[in-house]
Amino acid sequence: MNIIVLLKQTFDTEERISVENGKVKEDGVRFVINPYDEYAVEEAIRLKEANDGTVTVVSIGPSRTEEAIRTALAMGADEAVLADDPALFGDEFTAAKVLAAIIRPRAYDLIIGGNQAVDDGSGQVAVRLAEELGIPHISTVTKLTLEGNQLTAHRDAEGDVEVVTATLPALVTAQQGLNEPRYPSLIGIRKASKKPLTHVTAADLGLSSEDLEPRTEVTEVFLPKPKEAGRILSGDLSEQVKELVQSLRSVDKVVG
Amino acid sequence: MATEAGQLAKGGAFLIETTSEQNVFTPEDFTQEHLMIADTTRAFVEGEVIPNAERLEHQDWDLTVQLLRKAGELGLLAADVPEAYEGLGADKVTSALITENITRGGSFALSHGAHVGIGSLPIVFFGNEQQKQKYLPKLATGEWIAAYALTEPGSGSDALGAKTTAKLSADGKFYVLNGTKQFITNSAFADLFVVYAKIDGEKFSAFIVERGYEGVSTGPEEKKMGIKASSTRQLILEDVHVPVENLLGEPGRGHVIAFNILNIGRYKLAVGCVGGMKAAIEAAVSYAKTRKQFQTEIANFPLIQQKIADMNIRAFVTESMCYRSTGEIDKQLHGIDDHTDGQTVAKAIAEYALECSVQKVYASEALDFVVDETVQIHGGMGFIQEYPAERMYRDSRINRIFEGTNEINRLLIPDMLLRKAMKGELPLLQAAQGLQQELMGMLPQPDTAELLGEETHLLEMAKKTFLFVGGTAVQKYMQSLKDEQEILADLADIVIEIYALESALLRAKKTAARGKSADLQVAMVQVYAREAFARIEAKARNILAAMEEGDVLRTQLAILRKLTKFQPVNAKVQKRAIAREVIEAGKYLA
């Protein structure tokens with residue numbers, strides 16, 4: 001059984017975000033495997049351990065992404081592909097095109113990604129990829145079982161559970177609760193440095209400039225306004241209501 | 001004389017040589033593998049140890065053992081065990097990083113440290129093939145937990161004064177051990193004890209004693225001031241029959257094992273202190289950022305900032321020193337082909353016995369300083385158990401006592417130096433004589449064009465100061481210098497200050513040479529160098545005043561003044577800037 005894991009390297013969720021010159025500052029920041037992708041890696045390794053096969057990690061990102069990939073390899077993935085050519089960086093649209101171009105020529109049964117990345121939180125790349133590849137997808141999965149080529153997934157549907165089945169090859173995205181990712185062991189870490197990591201460029205993938213043209217544009221990057229102290233209204237009830245309506249209209253402009 | 005990149009430095013040589021920054025290992029040199037191992041250790045501590053802190057503090061030994069086994073599964077007990085015995089045979093930087101990061105989980109680190117360090121290493125280094133095969137795989141995985149039994153009720157610092165006896169049985173198959181060992185870490189649950197006893201009451205030797213042997217028992221748990229998550233009891237040996245094949249090393253050569261293990265215990269203790277300091281800084285900064293007085297977070301007050309800057313600087317210096325010497329040990333070991341021959345490995349480490357003592361003293365006192373300020377920043381809350389500051393303060397104190405008290409280590413430092421000089425391993429006396437000439441003429445001036453040029457000059461002058469007062473003391477007292485403990489301790493302090501300052505200075509220079517931003521490191525060194533230098537000057541004056549008087553003293557003080565001229569920096573402004581960065585980051589920064 002061949003499993004492909006989609007992995008993105010993101011800021012550690014405990015890092016403070018600061019914006020400088022319209023960009024998020026990366027100096028001295030600790031990067032980690034996107035936590036949702038970590039569930040994906042863990043699930044893939046568990047399936048591999050139960051069914052034999054290989055786990056391949058595929059990622060798009062600058063060369064620092066190698067650190068996250070090595071961690072996944074240390075956890076137990078077998079090999080990795082990294083698209084670190086800046087020509088391949090774009091938005092969700094281009095990411096799906098690039099991943100599809102990397103994955104299409106490979107033999108695979110199952111693709112697992114994170115439900116979303118904690119940095120931009122779009123939640124689009126994996127499902128777009130499924131469309132590109134023409135395979136079914138199940139998103140926000142909290143439980144996954146496999147029998148033959150039949151997949152049964154519990155998906156988190158806004159607090160309810162939906163049980164969905166699919167036939168391999170298929171793509172699923174991992175939601176919190178799917179599993180408890182392991183720590184890479186020291187032996188795993190040592191082995192990881194010897195596992196194959198392939199770098200791919202735009203030239204390797206033969207994508208058209210059309211495919212690599214982002215469909216979205218970031219026009220501004222800013223931090224949320226710091227939360228201001230609340231205000232407790234006083235006076236009798238009708239006065240409070242009046243003041244509240246007045247505030248909602250003028251101060252916070254919640255009501256037009 | 002200067003050492004260049006790749007060249008091996010002799011232990012203690014830093015006092016008379018100029019070391020190139022390219023020839024020191026720094027935390028900026030960690031490989032990706034090192035960092036990943038540190039991450040795994042941290043994840044283990046944050047995921048498994050810290051959530052259980054309360055139960056561990058209340059001495060749930062089953063849980064301690066369970067967590068040690070879990071650490072074993074991850075490989076966190078295997079770093080120092082050779083691959084041939086199911087270990088990792090990792091470098092010492094790896095094992096130091098594990099030690100540093102484990103410390104974040106409170107005194108569970110003691111259970112871990114006693115097992116992987118003083119418990120397992122005597123067998124790693126001095127066990128014979130059969131002993132290694134029998135015990136090391138069990139210790140590397142955590143199937144068995146080890147403990148180390150040297151101290152006795154009547155012999156602490158005077159370790160060789162042990163009263164525990166071993167007597168060969170009539171059939172020659174067993175040694176019969178009798179005696180009581182004191183303060184044995186891990187004793188509640190250890191499966192194996194490395195025990196020192198005197199064969200026929202004379203030959204100091206080490207034995208591997210299994211818990212299951214008849215006559216082995218432990219006393220009640222000691223009620224300690226701190227490190228409560230670790231077990232400390234007496235080990236009682238009553239007619240314990242230890243098979244002769246469990247004699248570790250040669251009969252009568254136990255002191256070689258004991259001293260080597262102490263060296264390692266010391267440098268590991270120092271690395272652990274680095275982890276403790278980082279955790280304390282996080283706790284202090286986080287509190288200072290939330291606690292408001294006079295309508296503002298106390299982190300905004302310059303006196304709190306000054307404390308935070310001092311804490312960060314102290315941690316930076318200790319970290320620089322610890323990884324420098326760990327890297328040095330790794331370089332020594334790199335030259336050894338056969339790592340399964342533990343005695344060669346122990347010897348390579350023994351080359352740096354002086355540095356091990358230096359950093360044990362410095363790190364334990366730096367940690368005490370940092371946790372003390374952590375409590376102070378917490379104000380009244382620092383005195384209440386609800387916040388970790390209170391536990392950190394209590395836990396820190398023992399570090400100045402075990403692995404050789406700081407007093408014993410201070411006395412050892414000049415003693416080791418003199419021995420090296422007498423054996424011709426270190427041309428200290430020649431250097432001191434050379435200095436006499438130099439002092440007559442003009443002393444070199446700082447190269448202010450160079451990065452940290454003034455601080456480099458201060459370091460050079462500090463070394464000359466040491467040679468000057470040290471040389472004078474040796475000339476004056478000769479053999480009886482050993483009775484002048486106050487002077488020896490002051491000399492040791494100068495050596496410690498020099499090694500600490502040099503390590504921090506070289507690290508900042510190396511970072512700058514790498515083209516990375518070294519502004520923070522440079523600022524820390526600028527401030528620290530002057531503070532350390534002032535302390536060195538004070539100690540030197542103390543020593544001179546203790547030896548001479550009248551005109552001789554006046555002449556010597558004039559020479560000292562010539563050596564100790566320096567320009568101050570605006571430490572107030574520098575420390576505010578350093579603190580600002582640490583406060584913003586919310587953690588130790590370098």
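The sequence lines fix the lettering, A, B, ..., with proteins before strands; numbering per chain opens at 1.
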Is [X] in contact with chain A via its backbone, its side chain, both, or neither, using a 4.5 Å heavy-atom distance?
| X | value |
| --- | --- |
| B/E48 | both |
| B/A90 | both |
| B/K516 | neither |
| B/I98 | side chain |
| B/E584 | both |

- Query: Are A/D84 and A/R64 within salt-bridge range, i.e. N to O under 4.0 Å?
  - Reply: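 Salt bridge flag = no for A/R64 with A/D84.
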- Item | B/E86/B/K138 salt bridge by N-O under 4.0 Å criterion | no
- Task: Heavy-atom pairs under 4.5 Å with chain A are the metric here; pick the option from B/L88, B/I37, B/T94 that has the most.
- Result: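 The candidate making the most pairs under 4.5 Å is B/L88.
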- For chain A, the option from B/S517, B/G75, B/A78, B/G586 that forms the most heavy-atom pairs under 4.5 Å: B/G75
- Task: Would you sort out whether B/T31 and B/E33 count as a side-chain hydrogen bond (donor to acceptor under 3.5 Å, both in side chains), showing the intermediate values?
- Result: CA-CA 5 Å; B/T31 63; B/E33 193 174 302; 5.9 Å; no
- Short side-chain donor-acceptor distance under 3.5 Å, A/D204 and A/H199: no
- Task: For the residue pair A/R231 and A/S247, confirm or rule out a side-chain donor-acceptor distance under 3.5 Å.
- Result: yes
- Task: Establish, yes or no, whether a centroid distance under 6.0 Å links the rings of B/F30 and B/Y323.
- Result: yes
Heavy-atom distances under 4.5 Å only: say whether [X] touches chain B with side chain, backbone, both or neither.
| X | value |
| --- | --- |
| A/S193 | side chain |
| A/R30 | side chain |
| A/R16 | side chain |

- Which pair of non-hydrogen atoms, one from B/V271 and one from B/T326, has the smallest distance, and what is that distance? CG2-OG1, 4.5 Å
- Item | chain B interface, residue from A/E66, A/R190, A/E67, A/R70 that has the most non-hydrogen pairs under 4.5 Å | A/R190
- Query: A/N115 side chain to A/A174 main-chain N or O, any donor-acceptor pair under 3.5 Å?
  - Reply: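 No: the side chain of A/N115 does not pair with the backbone of A/A174.
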